[in-house]
2 protein chains.
Amino acid sequence: MKYQIITISRQFGSGGRTIGKKLAEQLGIPCYDQELLEMIAEESGMSKEYVKKSGEETVRTGPLSFLLEDRTYDTPATQDWVWEGQKKVIEDLANKGPCVIVGRCADHILWYRNDVLRVLIHADDDKRAKRIVEVYGEREESPEKRVKEKDKRRAAYYKKYTKKDWGIAADYHISLDSGDLGIDTCVDILAHAYTYQPPVREE
Amino acid sequence: MKYQIITISRQFGSGGRTIGKKLAEQLGIPCYDQELLEMIAEESGMSKEYVKKSGEETVRTGPLSFLLEDRTYDTPATQDWVWEGQKKVIEDLANKGPCVIVGRCADHILWYRNDVLRVLIHADDDKRAKRIVEVYGEREESPEKRVKEKDKRRAAYYKKYTKKDWGIAADYHISLDSGDLGIDTCVDILAHAYTYQPPVREE
């Protein structure tokens, strides 16, 4: 098999996590998503809540908005510390064998390996807005605004640690529109790409 | 079937044309690629050579480079005229029934239809440089430079007529790295996505 590891980068509300779980189940390999938070917390010595928060950049929404933020731990140094822990956790998981890793810039962290299938899952804003209400429920903010803000925060985090813009097709082997194709078709395509690949020739 | 038309946008040297031809053959539907040039020439009344050239923006390579260009027909008005012919040809082809259309901004021209599977084929620069020598032979310019210049010209043309940056994953339903996945795997994935889609519910 050419690919061992599958990394899934995903827009908020695109169903990337569900695709990762279903894909891993179909392939009979582990999927790391929320589990990563605990592992990174343990590795970095920070709380799971802080690890979760540090995976997105704070985007200022107003000139005095920083007064409302909890900045107990939040310094550039602690975020970098979490990043180092995150790198170690993801590299160790990849070394253990075939798996699916969702989010946390795993595509970039494992860029040096040539057995990684890098996947991006995206969908139109309106479909994602509808989905997050179904999955996470209503909030005070409109789902459209929640989608836009999450996009901004994740793109800013990605840019900070990878120096790249987020969502460029050339950075992934497969990018799929889950809103149009549907979750199950995406799982099917990815399982197909992972398993039906030409065998690597020994030279 | 949800999708009727497949548009393939492709980076120069990525094998997008070959993928389109093989895919159409496998699906038993027509593929329009070079054939488009003749149709657009007839529709717009311009020469096939001009139509081909007008599908890419001229990128100035030096302060006096315009002196070397053949600008017999090349005014903004004639390029727009070709664009209008191109729109009509592509819309007519899509109305005729299932087909694969390669290049010429067909993804953007048919944006208003909801039965179009929009595909982007890309590959790393070095793999594309290698491929263009195999397919088109050696030229005076290095293959690396040819790849870079074509990318620039196509992106500039795309931007001019669509107002969008070229290569953003969110603009396509499926984006594939043909260099890493291989031509045949790409054909396989696309045939799979086109045929194994959930049926449209009549409401």
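Residue numbering restarts at 1 for every chain, and letters A, B, ... go by the order of the sequence lines.
Neither the backbone nor the side chain of Asp165(A) comes within contact range of chain B; no heavy atom of the residue lies under 4.5 Å from a heavy atom of that chain. Heavy-atom distances place the side chain of Leu120(A), and not its backbone, under 4.5 Å from chain B.
By the 6.0 Å contact criterion, CD on Glu25(A) is open, its count of non-hydrogen atoms from other residues, nucleotides or ligands being 12 or less. Within a 6.0 Å sphere centred on NZ of Lys130(B), other residues, nucleotides and ligands contribute 12 heavy atoms or fewer. Environment of NZ in Lys148(B): sparse, with no more than 12 heavy atoms of neighbouring residues, nucleotides or ligands closer than 6.0 Å. Annotation: Glu141(B), atom CD; neighbour count of heavy atoms from other residues, nucleotides and ligands within 6.0 Å is above 12. Enclosure of atom CD in Glu35(B) by more than 12 non-hydrogen atoms of other residues, nucleotides or ligands within 6.0 angstrom is indicated.
Leu117(B) contributes atom CG, which lies 9.5 Å from atom CG of Asp177(A) (distance to the nearest 0.5 angstrom). Separating the CD1 atom in Ile174(A) from the CD1 atom in Ile174(B) is a distance of 8.5 Å, to the nearest 0.5 Å.
Here Ile189(A) is the residue among Ile189(A), Leu190(A), Asn114(A) with the most heavy-atom pairs under 4.5 Å with chain B. Ranked by non-hydrogen atom pairs under 4.5 Å with chain A, the options Ala123(B), Gly167(B), Gly179(B) are led by Gly167(B).
Here the closest heavy-atom approach between residue Leu181(A) and residue His173(B) is recorded as CD1-O, 3.5 Å.
A donor-acceptor pair shorter than 3.5 Å cannot be found between the side chains of Asp180(A) and Tyr172(B).
Distance alone, capped at 3.5 Å, is enough to place a donor-acceptor pair between the His122(B) side chain and the Ala169(A) backbone.
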